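First comes the structure, then the notes that go with it.
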Amino acid sequence: MEPKIKIVNVVVSTQIGSDIDLEEAALILDNAEYEPEQFPGLVCRLSDPKVALLIFRSGKVNCTGAKSKEEAEVAIKKIIKELKDAGMDIIDNPEVKVQNMVATADLGIEPNLDDIALMIEGTEYEPEQFPGLVYRLDDPKVVVLIFGSGKVVITGLKREEDAEIALNKILETLREIEEII
Amino acid sequence: RLRKWQRRIRVSDASERNLAFALSELDRIASKLGLPRNVRENAAVLYRGAVEKGLIRGRSIEGVAAAALYAACRRCRVPRTLDEIAEASRVDRKEIGRTYRFLARELGIKLAPTNPIDYVPRFASELGLPGEVESKAIAILQKAAEKGLTSGRGPTGVAAAAIYIASVLLGNRRTQRDVAEVAGVTEVTIRNRYKELTEHLDIDVTL
DNA sequence: AACTTACTTTAGAAAGC
DNA sequence: GCTTTAAAAAGTAAGTT
């Protein structure tokens, strides 16, 4: 519990029915946009849990922008209630699956990105294109963006605890590099 | 049996035609950018390697050629930005960058991040600056790298700021606007890097 | 020169082109 | 591959004031 890891985004998927009339749903939901020419899903933004939901004709639903799985579940229950109250055929307590989580943290040191790029396989660092170094880990299968400030972004997370595991692995690798130098 | 034979001829015909096209593309882009022979040859080697490993599948010949040239420029320490390569070819920078990463990974080429110092000779030359200014800019960049002032910043921006500072210090002043133009960055970026470098390296620039 | 807004990178799901 | 969604990191860019 040394590093303060903060979950900043959670992506979740679920299914609330099948063969959903998105035109109808668009009329029922307040902040809904549905432009099939542009994207096959209906976009609905909620302000309460500040999230965005994508609803598809198949009944599949994605929820992004939540800070936790629970927050995403609250958002999904909200739209389910709205659609059900309007008379649509919707599943009540669908199983929600976390597809991805994004976290931020601080290494507490200012790493030399050039050294990391040269010494660690599987890292990409192209400052011309992006200031962060891209570090792909296999064990917790996540991707970590490391910045010169020591700030870090961890994404691809399926479990919250993997963030700390990944962070510790990186700190350990950084220590090994410093020993060599 | 005869069909199979004809097919082989056709395939090898197509391969040769594609390789010839790729090499002419490399030459066309390289000429437009005024790249030396060794860079073109290096790019051709990379391209052939990509063909041998079947890395062209699902990718355009122009895209792979542009990416090979981008990688070759870096390997030969005469870097061109993705924007410069994109402008000289008809491939957009996003695809060149993506293809370059793919090639580097698949061909097992590990390129060090572009060193801002590698941009100095070209930029200084385009600005008509003497060798002393070039050397001074390089010295500034070496100090900057030691203090971690280049990490995360765009190589062209840092190089531009160092050249600007060196030009002022040695009495061969170029305007930020002129330096920004040859480096392909904005004046705002030069000012930001300028502030950072002069403050952290204790450089007194009196105008 | 300051502000604001916006784009670069990463992951993942969805349905369709 | 692309399209759309959200969010963070830090750098760079562009438009206003």
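The structure presented is a predicted model; accordingly, all values stated were derived computationally and were not measured. Throughout, a chain's letter reflects where its sequence line sits, starting with A, and its residues are numbered from 1.
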Crowding at CD, B:Glu84 (>12 non-hydrogen neighbours, <6.0 Å): yes
Given DNA chain C, 5'-ward residue of the pair A:Gly41 and A:Val11, judged by closest heavy atom: A:Val11
Heavy-atom neighbours of B:Arg28 CZ exceed 12 at 6.0 Å: yes
Paired and unpaired positions of DNA chain C as dot-bracket, Watson-Crick or G-U wobble under 3.5 Å, | denoting a partner strand: ||||||||.|..|||||
Aromatic ring proximity A:Phe130/A:Phe147, centre distance under 6.0 Å: yes
Interatomic distance, A:Phe147 CZ vs C:dT10 P [rounded to whole Å]: 11 Å
Worked verdict on B:Arg177 versus B:Glu181 for salt bridge (charged side-chain N to carboxylate O under 4.0 Å, His left out): CA-CA 6 Å; B:Arg177 191 181 183 291; B:Glu181 197 178 301; 3.4 Å; yes
Side-chain donor/acceptor contact of A:Thr104 with base of D:dA8 under 3.5 Å: no
Nucleotide C:dA13, atom P - distance to CG of A:Asn9 in whole Å: 14 Å
Closest to side chain of A:Thr64, choosing from C:dT10, C:dA14, C:dG12: C:dG12
Write down the protein N/O and nucleotide N/O pairs, taken from nucleotides 12-14 of chain D, whose separation is under 3.5 Å; answer none if there are no such pairs.
| unit_1 | atom_1 | unit_2 | atom_2 | d |
| --- | --- | --- | --- | --- |
| D:dT12 | OP1 | B:Gly154 | N | 2.7 |
| D:dT12 | OP2 | B:Arg193 | NE | 2.8 |
| D:dT12 | OP2 | B:Arg193 | NH2 | 2.5 |
| D:dA13 | OP2 | B:Thr186 | N | 3.1 |
| D:dA13 | OP2 | B:Thr186 | OG1 | 3.0 |
| D:dA13 | OP2 | B:Thr189 | OG1 | 2.4 |

Atom-pair distance (NZ on A:Lys6; P on D:dA8), nearest Å: 8 Å
Rounded distance in Å between the P positions of C:dA1 and D:dA9: 26 Å
Carboxylate-amine/guanidinium contact A:Glu33 A:Arg45, below 4.0 Å: yes
Please list each protein N or O that sits under 3.5 Å from an N or O in nucleotides 1-5 of chain C, with the distance.
| unit_1 | atom_1 | unit_2 | atom_2 | d |
| --- | --- | --- | --- | --- |
| C:dA1 | OP1 | B:Arg191 | NE | 3.0 |

Any residue of residues 48-57 of chain A with a heavy atom less than 4.0 Å from an atom of DNA chain C: A:Leu54, A:Phe56, A:Arg57
Neighbour count above 12 (heavy atom, 6.0 Å) for B:Arg37 CZ: no
Carboxylate-amine/guanidinium contact A:Asp92 A:Lys84, below 4.0 Å: yes
Length of the line joining A:Asn100:CG and C:dG12:P, which is rounded to integer Å: 7 Å
Whole-Å gap separating P (D:dA8) and CD1 (A:Ile5): 17 Å
Note: B:Glu196-B:Arg153 ion pair, threshold 4.0 Å (strictly below): yes
Interface with DNA chain D, restricted to residues 128-137 of chain A and to heavy atoms under 4.0 Å: A:Phe130, A:Pro131
Gap in Å between the two C1' atoms, one belonging to C:dA2 and one to D:dA8, rounded: 24 Å
Between P of D:dT4 and CG of A:Leu42, the distance in whole Å: 15 Å
Options C:dA11, D:dA9, D:dC2, nucleotide nearest the side-chain atoms of A:Lys151: D:dA9
Sugar-phosphate, base or nothing in reach of A:Val143, heavy atoms under 4.0 Å: sugar-phosphate
Value in whole Å for how far the P atom of C:dA11 lies from CD1 of A:Ile7: 17 Å
Residues from residues 76-86 of chain A lying under 4.0 Å of DNA chain D - heavy atoms: none
Distance between P atoms of C:dA6 and D:dT4 (Å, rounded): 15 Å
Within 6.0 Å of CZ in A:Arg57, more than 12 heavy atoms from elsewhere: no
Residues A:Lys169, A:Glu172: salt bridge by 4.0 Å N-O rule: no
For atom OH of A:Tyr125 and atom C1' of D:dA9, their distance in whole Å: 13 Å
Inter-nucleotide P distance (D:dG1, C:dT9), Å rounded: 13 Å
Sugar-phosphate, base or nothing in reach of B:Arg93, heavy atoms under 4.0 Å: nothing
Upstream residue (5' side of DNA chain D) when B:Lys94 and A:Lys67 are each assigned their closest nucleotide: B:Lys94
Flag, side chain of A:Glu71 to backbone of A:Lys67, donor-acceptor distance under 3.5 Å: yes
